[in-house]
*Asks:* 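Handing you this structure, nothing more for now.
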Amino acid sequence: MQMLREVLEPLLDEVLMSIGVTNAHWRSMLVRSREHDQGDLSLPCFPFAKELGKSPIEIAQQIADSLESHFAIGEVNAVAGYLNIKANPTWLAQQVMDDAVRIGDAFGKKPANNTHILIEHTSANPNGPFHVGRARNAILGDTLVRLHRLYGNNVRAEYYVDDMGKQVGVLAWALEHLGKEEVERTLVGRESINEKWQGKADHERVRWYQAAQSIRQERSDKEDIEAEIGRMVHASEHGDEEVLQAFENAYQPVLDGMLETLKRLGIDFDTFTKESMFVTNGDVSKLMEKFKTFEIHGTADNGAEFLDLGARGLKGKTEFFFRRGDGSSLYATRDIAYHIWKWKQCDQLINVLGEDHKLQAKQVGMTLTELGEKIPDVLFYSFIKLPEGKMSTRKGNVVYMDDLLEEAQAQASAVVGEIHPDYSPEMVAEISEAAGTSAVRFNIIKVSPDKGFTFRWEEALAFEGGSAPFIMYSHARACSIARKCVAAGIDLDAAANSSTELPSSMPKGMVELLRTMCVHQDVLSKAVNDRRPHLFANQLLQLATSFNAFYRDCMILQDGELNVFNFQLSELARNLMRTSMQGLGIVPVEQM
RNA sequence: GGAGGUAUGGUGUAGUGGAUAGCAUCAGGGAUUUCGAAUCCCUGGACCCCGGUUCGAGUCCGGGUACCUCCGCCA
């Protein structure tokens, strides 16, 4: 609780100095109390014992006795060598009422901040529909973008389009050379396309890609095919405009289909940058010429070139190849050119990458350092598996995001329909779409990115307990209260702006809510700066829970009479929930 | 074989060197003539193993074990 800390530190400074503590590091020992009942902040006094020649119990007591009283401090107690300080709930209420805890756009209180942040995420190869595994990148990345915006930062969300190279080459070849019948014949025995996605290009065209993958290994003329694909790929890597155009015609509809899926999840991008740009504009060849002058530059027998990063401390295989024997560039080379370009347009760079890219990212980072460039921050995440094992399109072991979202919507629809038979079909559809997509996002975002994750239908579709609909429900209930007040003929604006006495004694649920609201900004700050969105997801869950406790203990509207303070607090909590939900991509519907 | 990551109730997970390890699910019990029961309350149950550092270790260090990822002139 940063706001309490700011009040407390000068006071404690004085007391500690007066009793003879010289260790200036005590500030880092002032921690959030583990025992919520004991206090908000605690100072363990064990380290002072040696210096002062007294027991920690005595020291804690002595500090408690000599601590100056302050409006912010509610209770001070010394227990078992710990000094516990509890905030005065009335002071917390004042902080909340004075807007100290408001965050985000809707509150018009952005931190002054001129840094430009570029977040690159997703950047999936445009060769097939999103499955749940690939979507973790998009959900993490988009949530990070949203949280930065909530925090007041200037963010650009970017998708790096892999518009050249073998995967797109295979897709282009397949679309040109294979007929629908041949594709289906090749894929016989594999799962057929879900009828629902007929006409959606990512689902349609991936079958051409899959058929080609199998034909490349099995058909009698596979050497010829391989040569043909190889010719196109190399032409693309040399910037052949005709080939690049053919590639684009092949992948663009696929990419559009993929973006449609992301859109449904509330995920958007500000800019798309094509990989080929760095080949056609000459950046890549200039870069490769520059590498030649490096002392760690080396050449293989066939003329391929590399940098020996072993000399810079890389372990394992130390040669980092940037150019093939035929003179064309490699993916990583283009990635470096891309990073140099990105650094020209931002102050901070964040990439969201799967853990399989760790070595690659390290090589790129070391090379950027070699070039005198800064290295990006990277948010790595672990893969999503299925209970049957690794997700694999080839083995048919895959859950498509489109299917998951359909199912989520259908199940949410069943719940809404049951609870509210009075709602119109349109309303049910809208609510269940919001609840379904939000539940899917939240289920993925609430887990720490570096934790392996096994996808389970029943968890992804859970609408109770620690889920998005749980949060949405608390928010909807707060909205409902406000509507009830209007129905009772109360002027909301007047009530919101009228000044009111701060209560001097409060029920437990109200104190809970105030405390949660007062750490909200602290948690957001940590989630953003440490790139750990799940911390904020858990905080929002806590906020919803606290609001429920407040609702339980405090009446806002009773017998037509409005409790003004309770109403104001409820409205502030409602707004905080709403903006926080937006920060996580949860849709804040007002009724459900 | 080398490099990186992870290990917490039955299950899924949170946890800033600090006290009685939090949440959800699950199992069992209870709460509504009152602002929305997708709610709330009560009970049950966990820090992989062995050492070390420390006044104090789930957390830091070393060594095991298990699982995941990488070690392409692929992207």
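Below, chains carry the letters A, B, ... as their sequence lines are ordered, and counting in each starts from 1.
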*Asks:* Starting at CZ of A:Arg456 and ending at C1' of B:U11, how long is that distance when rounded to a whole Å?
*Replies:*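 Whole-Å distance recorded here is 8 Å.
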
*Asks:* A:Tyr82 on top of B:G18's base, within under 5.5 Å and under 30°?
*Replies:*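 By the stated criterion, A:Tyr82 and B:G18 do not stack.
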
*Asks:* Under 4.0 Å between a side-chain N or O of A:Lys385 and OP1 or OP2 of B:C68?
*Replies:*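 Negative; the distance criterion is not met.
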
*Asks:* Taking OP1 and OP2 of B:A38, is either one under 4.0 Å from a side-chain nitrogen or oxygen of A:Tyr473?
*Replies:*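 Yes, such a contact exists.
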
*Asks:* Could you check which of B:A19, B:A75, B:C35 has an atom nearest any side-chain atom of A:Ile481?
*Replies:*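 Comparing B:A19, B:A75, B:C35 against the side chain of A:Ile481, the answer is B:C35.
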
*Asks:* Output the single nucleotide from B:C74, B:G72, B:A14 whose closest atom is nearest the side chain of A:Arg324.
*Replies:*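 Looking only at side-chain atoms, A:Arg324 lies closest to B:C74.
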
*Asks:* Which nucleotide, B:C71, B:G18, B:C40, lies nearest any side-chain atom of A:Phe470?
*Replies:*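 Selected nucleotide (nearest to the side chain): B:C40.
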
*Asks:* Whole angstrom is fine here: how far is it from OH in A:Tyr423 over to P in B:A38?
*Replies:*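 Result: 10 Å.
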
*Asks:* Can you tabulate the close N/O pairs, meaning under 3.5 Å, that link protein atoms to atoms of nucleotides 21-30 of chain B?
*Replies:*
none

*Asks:* Please determine if a side-chain N or O atom of A:Lys358 lies less than 4.0 Å away from the OP1 or OP2 oxygen of B:C71.
*Replies:* no

*Asks:* Can you tell which of B:A38, B:C74, B:A19 lies closest to the side chain of A:Val415?
*Replies:* B:A38

*Asks:* So, under a plain 3.5 Å distance rule, would you say the side chain of A:His420 forms a donor-acceptor pair with the base of B:G36?
*Replies:*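 Under the 3.5 Å cut-off, the side chain and the base do form a donor-acceptor pair.
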
*Asks:* May I ask you to evaluate whether A:Arg5 reaches the phosphate of B:U16, defined as a side-chain N or O under 4.0 Å from OP1 or OP2?
*Replies:* no

*Asks:* So, is A:Arg477 close to the B:A37 phosphate, meaning a side-chain N or O under 4.0 Å from OP1 or OP2?
*Replies:*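 Yes, because at least one side-chain N or O of A:Arg477 sits under 4.0 Å from OP1 or OP2 of B:A37.
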
*Asks:* With respect to A:Leu83, which candidate in A:Leu30, A:Ile63, A:Leu41 satisfies the side-chain contact (heavy atoms from CB on, under 4.5 Å) definition?
*Replies:*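 Among A:Leu30, A:Ile63, A:Leu41, the one that satisfies the side-chain contact (heavy atoms from CB on, under 4.5 Å) with A:Leu83 is A:Ile63.
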
*Asks:* Starting the side chain at C-beta, find the nucleotide from B:C55, B:U6, B:C71 nearest to A:Leu359.
*Replies:*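 Nearest to the side-chain atoms of A:Leu359, counting from C-beta on, is B:C71.
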
*Asks:* Select one nucleotide: of B:U16, B:C35, B:A75, the one nearest the side-chain heavy atoms of A:Ile556.
*Replies:* B:C35

*Asks:* Which one, B:C73, B:A37, B:U8, comes nearest to the side chain of A:Tyr551?
*Replies:*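 Looking only at heavy atoms from C-beta outward on A:Tyr551, the closest nucleotide is B:A37.
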
*Asks:* Does B:A75 have its OP1 or OP2 closer than 4.0 Å to a side-chain nitrogen or oxygen of A:Arg334?
*Replies:*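 Result: yes.
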
*Asks:* OP1 or OP2 of B:C40 less than 4.0 angstrom from a side-chain nitrogen or oxygen of A:Asn548, does that happen here?
*Replies:*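 It does, given that an N or O in the side chain of A:Asn548 lies less than 4.0 Å from OP1 or OP2 of B:C40.
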
